[in-house]
Every structure is written in structure tokens, then in C-alpha cells.
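Worth knowing before you read on, the calculation uses all heavy atoms, side chains too, and leaves out hydrogens, waters and symmetry mates. All residue numbers in this chain count up from 1 along the given sequence. Quick caveat: nothing in here was measured; it's all calculated off a predicted structure.
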Amino acid sequence: MKRARALPLAAALLVLPLAACGTGGSGKSSDEAAKTRGPIKIWYANNPEEIAWAEQMVMAWNADHPDEKVTAQEIPAGKSSEEVIGAAITAGNAPCLVFNTAPAAVPKFHKQGGLVPLNDFPGAAEYIEKRSGSLAGQYTSEDGKYYQLPWKSNPVMISYNKEVFAKAGLDPENPQLATYDDFHAASKKLVEDGGVKAAIWPAPSSEFFQPWFDFYPLFAAESGGKQLIEDGEATFDSPAGQRVADFWRTMYAKGWSQKEKYNGDSFADGKAAMTIAGPWALKVYDEKIDFGTVPVPTSQGVPAGQTRTFSDAKSVGMYTSCQNRGTAWDVLKSATSEQQDGELLNTTGQMPVRDDLTSAYAGFFEENPQYTAYAEAASRTVEVPSVPNSITVWQNFRDAYSRSVIFGNEDPAGALKKAAGEAEKLAAQQ
């Protein structure tokens with residue numbers, strides 16, 4: 001959901017001619033395109049670290065493949081990356097690869113006819129499953145195929161400001177935050193004595209992806225790793241889901257979380273004592289805040305080494321307007337090789353979705369031990385379910401959650417039950 005800053009969407013779609021960079025309308029069949037090689041175009045995210053990674057990756061590829069050059073750019077500007085990519089699919093000029101494909105949007109892009117099943121390439125499924133291990137299965141679509149390659153994750157945890165904790169009389173080196181009761185007790189002291197307006201300030205806005213940074217991480221932990229929908233049935237209308245809803249309802253009712261949106265970064269600005277963030281927080285906050293990291297809480301206090309959380313992952317999608325798919329697949333493998341995954345880790349601090357993450361990059365984690373907790377959590381992440389109408393499912397859930405949990409205008413139990421029924425109907429549609 002990163003905002004891009006390269007080109008306005010309409011202009012971007014006009015300047016990407018259909019025949020350019022191997023993404024055009026040459027009329028090749030899927031089988032032909034899967035074997036065809038030549039220039040391709042890719043998009044990547046617009047944050048400085050990922051730009052740096054992409055530029056070196058493209059340079060390395062182009063140096064060795066002068067006849068199959070990659071042309072790369074940041075994702076064009078728009079309301080969201082999903083909007084930009086969806087519009088490009090409709091226009092028929094999406095790039096070959098997008099290194100910022102949201103798993104939640106994959107069902108929509110697939111329904112548009114915009115994604116290439118990576119299973120079309122010999123050995124692709126085996127490659128994905130070897131690289132990603134047991135996590136790979138969360139990224140298959142309902143037909144069992146991979147329309148995305150799980151690329152990198154940002155397992156979210158609780159980051160807390162040690163100075164604020166100390167001011168509130170809480171132990172900054174060993175904070176008691178593992179259980180809901182502990183978290184509530186700490187929140188009370190932080191607001192009363194820590195000089196902050198909120199103990200933790202998740203965005204209370206209505207975007208479909210906001211549950212990924214309040215409800216969903218805690219639900220993943222409380223349920224032992226359930227996705228929002230499994231086998232066509234909603235899982236959040238359950239005792240685990242109710243406990244998570246009640247946890248947050250208390251936070252808002254007591255004023256320990258705020259109901260209005262903060263225009264800025266409440267954690268960086270010292271307005272909140274805690275935030276839910278992934279390993280990117282180390283690069284963003286490290287120079288500003290002395291902070292620690294702990295897993296998200298559960299009702300009974302699951303041990304840290306067993307606590308599940310939301311992945312906040314991004315995948316790589318290959319788009320059907322791409323004609324030189326043989327090259328695109330080779331670039332995708334090169335960009336997710338052990339070497340390039342190491343470059344990604346070093347440059348961005350984000351976790352490649354690799355089964356051997358901690359062993360393959362043991363040197364990195366020895367030199368940067370602050371990343372170790374995130375790396376260990378990366379093996380216990382829960383992804384959004386790849387179901388039809390995924391974004392609408394999340395939007396309906398968010399609307400019900402907002403009404404009941406954040407603003408207290410409806411009973412959370414009834415709201416979740418109704419949202420569960422709607423989610424199951426949506427997920428059953430093709």
C-alpha cells in the first residue's frame with residue numbers, strides 16, 4: 001500500500017506502449033511466450049532501500065544478458081499500488097514483473113486475467129517450495145497454482161519506547177506485555193504516567209488493509225496461526241477472534257488507543273509508547289528512539305518462540321501482457337537467488353521468504369542481532385488468504401470492526417458474526 005511517486009497513473013499508462021520492453025501485443029500464445037526471451041520491463045517499490053536493491057539487481061542482470069535487458073522503474077503514482085497495477089492490467093500494458101505485488105490483490109488480478117501461473121514453467125513450483133518451505137502453501141490460489149512468488153516478509157511485532165516505559169515505572173529491558181491483562185495494565189500506566197497520548201495508536205481509518213496492523217497479528221497469535229478464511233469458512237467469528245476483539249475494544253474504551261487518526265507517525269513523534277511494526281522499523285526508528293521489540297500479546301501469554309504473527313509480505317507477480325516470459329522467469333529466479341536475497345536483507349532489512357533464512361545469512365544476524373527476533377518470527381508468519389473477492393472481504397471486515405470495536409456503535413460479537421457470513425458468501429463467488 002505504499003504510495004508511489006514516479007508518474008501520475010494516467011500518464012504512466014500512456015507512456016508504456018504495448019509493444020515496449022517485451023510487454024506488448026505480439027500475439028504469442030502462452031506456451032510460446034513462456035519460452036521466448038528478450039527485453040522485459042519491471043516495476044519495484046518506491047522506498048529508497050528497495051530502489052537501491054532493484055538498481056543493483058538490474059545492473060547485475062543486464063551486464064550478463066545484453067540481449068535480454070531489463071528496463072526498470074518505480075511503480076507509477078496512484079492511490080495505491082493495487083489500483084495502478086489493476087489499471088495497467090486493464091490497459092494491457094502491465095510490466096512483466098512487479099516486485100511489490102500484494103498477496104491480498106492476487107485473486108483480483110487473477111480474475112482480471114492479469115497473472116501468469118508460474119506453474120507454466122518447468123520446475124517452478126519446486127523452486128518456490130524449496131525456497132519458501134512450509135510457508136509456500138499459503139501463497140497458492142484456489143486452483144492450487146502459484147500466481148505469485150512469495151518474496152519478502154515483514155513479520156510484525158510490538159516495538160516499544162524504552163524511555164517512555166522507564167518514565168511510566170515499567171521495566172524497559174523486560175516489559176510485561178505477553179498477556180492481554182499485562183498489556184492493559186502497562187497501557188494504563190503509560191498513558192497516566194508516561195507522558196504519551198496513547199499506549200499504542202493503530203490507524204483507526206477504514207482502509208481494507210488496516211486490520212493487518214491491529215486485529216490480524218493478534219488473531220494469528222491467539223488462534224495458533226489461523227488465516228481469516230480457511231476452506232471457505234471464516235475463522236474470526238470464533239472464541240479466539242472474540243478475545244482479540246475484546247482486547248482492542250478495551251484499549252479504545254479506556255482511551256489507551258485513540259479513535260482519531262494521527263496525521264504522522266505517532267511512535268516516532270512520541271505520541272504513542274508502542275507500535276506494531278516489522279523489521280523496517282529498525283532503519284526508520286533506530287536513530288530516533290531507543291526501542292525494544294517483543295511479540296504481539298495473547299490472552300494467556302504464548303512463549304515468544306511459538307507466537308504467530310502477520311507476515312506483511314510482498315510477492316512478485318508475472319503479468320500476462322509480458323511476451324518474453326522465458327526471460328522474465330529467469331530474472332525472477334535470479335532476483336530471488338541466495339545471493340540476491342542476501343543483498344535484499346542487507347539493503348532493506350526485510351526478510352526474504354526463505355526456509356533457510358537464519359542459516360543462509362548467519363553472518364548478517366551475528367553482526368545485526370537486533371534483526372534476529374524478526375528472522376525467527378518470519379518462520380511463523382500468517383498470510384492473508386488467497387480467496388475470491390479478497391479485498392472486499394477485508395473491507396467488509398474492517399467496516400464491521402470499526403463500527404463495533406473502535407467506535408463502540410455495535411456489539412463486537414454480533415458484528416463479527418455478520419461479517420463472517422458476508423465473508424463466506426464473497427469467498428464462495430468466482
Side-chain angles (χ1 to χ4, degrees), residues 16 18-45 50 54 57-58 61 65 68-76 81-82 84-132 136 139-141 143-152 313-337 340-341 344 352-353 386:
L16 296 176
L18 290 181
C21 299
T23 59
S26 68
K28 296 173 187 172
S29 69
S30 296
D31 288 343
E32 290 174 322
K35 300 173 184 177
T36 303
R37 287 173 168 76
I40 69 166
K41 190 176 187 71
I42 70 170
W43 287 351
Y44 50 80
E50 287 190 56
M57 183 275 289
V58 170
W61 172 270
H65 303 85
E68 301 176 77
K69 285 201 169 183
V70 173
T71 302
Q73 71 170 72
E74 299 173 37
I75 295 178
S81 298
E82 291 71 41
V84 173
I85 295 168
I89 291 171
T90 299
N93 55 13
C96 280
L97 300 172
V98 177
F99 286 81
N100 198 45
T101 299
V106 166
K108 177 184 176 181
F109 297 161
H110 178 200
K111 187 175 182 179
Q112 284 184 267
L115 287 169
V116 174
L118 299 179
N119 305 65
D120 284 356
F121 302 95
E126 292 80 4
Y127 175 80
I128 293 169
E129 289 160 5
K130 181 178 180 181
R131 178 176 177 270
S132 301
Y139 296 87
T140 58
S141 293
D143 61 4
K145 294 182 179 181
Y146 291 100
Y147 292 88
Q148 58 183 315
L149 184 146
W151 177 37
K152 62 185 177 72
K314 286 293 187 293
S315 294
V316 187
M318 184 185 298
Y319 291 82
T320 51
S321 50
C322 178
Q323 295 302 314
N324 293 326
R325 297 179 193 173
T327 293
W329 173 240
D330 288 344
V331 169
L332 183 48
K333 286 191 294 181
S334 177
T336 56
S337 65
Q340 281 297 337
D341 279 347
L344 180 74
V353 184
S386 187

**Q** Mind checking side-chain contact (heavy atoms from CB on, under 4.5 Å) for Lys145 and listing every partner two or more places apart, or none if nothing turns up?
**A** Pro117, Asn119, Asp143, Tyr147
**Q** Looking at His65 and Trp61, would you say the former's side chain and the latter's main chain have a donor-acceptor pair under 3.5 Å?
**A**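 The answer is yes, because a donor-acceptor pair under 3.5 Å joins these two groups.
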**Q** Roughly how far, to the nearest 0.5 Å, is CZ of Phe121 from CD1 of Ile128?
**A**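 Here the interatomic distance stands at 10.5 Å.
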**Q** Not counting sequence neighbours, which residues clear ring pair (Phe, Tyr, Trp, His ring centres under 6.0 Å) with Tyr146? List them please.
**A**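 Tyr146: no ring pair (Phe, Tyr, Trp, His ring centres under 6.0 Å) contacts found.
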**Q** Search all heavy atoms of Glu82 against all heavy atoms of Ala105 and return the closest pair with its distance.
**A**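 The answer is CG-CB, 3.6 Å.
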**Q** Would a 4.5 Å heavy-atom cut-off, applied to side chains only, mark Thr320 and Arg325 as touching?
**A**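 Yes. Closest side-chain heavy atoms under 4.5 Å.
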**Q** Given side chains that start at C-beta, do those of Tyr319 and Leu115 come closer than 4.5 Å, heavy atoms only?
**A** yes
**Q** If we only count heavy atoms from C-beta on, is the Val316 to Thr101 side-chain gap below 4.5 Å?
**A**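 Val316 does not reach Thr101 side chain to side chain.
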**Q** Is Lys152 salt-bridged to Glu50, cutoff N-O under 4.0 Å?
**A** yes
**Q** Atom CG in Leu344, atom OG1 in Thr336: separation rounded to 0.5 Å?
**A**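 The CG atom of Leu344 sits 10.5 Å away from the OG1 atom of Thr336.
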**Q** Going by heavy atoms in the side chains, are Asp120 and Met318 under 4.5 Å from each other?
**A** no
**Q** With sequence neighbours excluded, tell me which residues meet side-chain contact (heavy atoms from CB on, under 4.5 Å) with Lys333.
**A**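 Only Tyr127, Trp329, Asp330 meet the side-chain contact (heavy atoms from CB on, under 4.5 Å) criterion with Lys333.
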**Q** So, using side chain to side chain donor-acceptor pair (under 3.5 Å) as the criterion, who are the partners of Thr90 when residues are at least two apart?
**A** Gln112
**Q** Any side-chain heavy-atom pair from Leu118 and Leu332 closer than 4.5 angstrom?
**A** yes
**Q** Within the 4.5 Å heavy-atom criterion, are Pro39 and Asn324 side-chain neighbours or not?
**A** yes
**Q** Are the side chain of Arg131 and the backbone of Ala136 linked by a donor-acceptor contact shorter than 3.5 Å?
**A**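 The answer is no, because no donor-acceptor pair under 3.5 Å joins these two groups.
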**Q** Carefully, step by step, assess Ile40 and Gln323 under the rule side chain to side chain contact (heavy atoms under 4.5 Å, CB included).
**A** CA-CA 8 Å; Ile40 69 166; Gln323 295 302 314; over 6 Å; no
**Q** Ser337: what forms a side-chain contact (heavy atoms from CB on, under 4.5 Å) with it, not counting sequence neighbours?
**A** Gln339, Gln340
**Q** Please examine the side chains of Phe99 and Met57, heavy atoms only from C-beta on, and report whether any two atoms are closer than 4.5 Å.
**A** yes
**Q** In Å, rounded to the nearest 0.5 Å, how long is the span from CD1 of Ile89 to OG of Ser321?
**A**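 Output value for this atom pair is 8.0 Å.
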**Q** Using side-chain contact (heavy atoms from CB on, under 4.5 Å) as the criterion, list what pairs up with Pro103, not counting sequence neighbours.
**A** Tyr139, Gln148, Ser315, Glu383, Val384
**Q** Considering only heavy atoms from C-beta outward, does the side chain of Asn100 approach that of Trp43 to under 4.5 Å?
**A** no
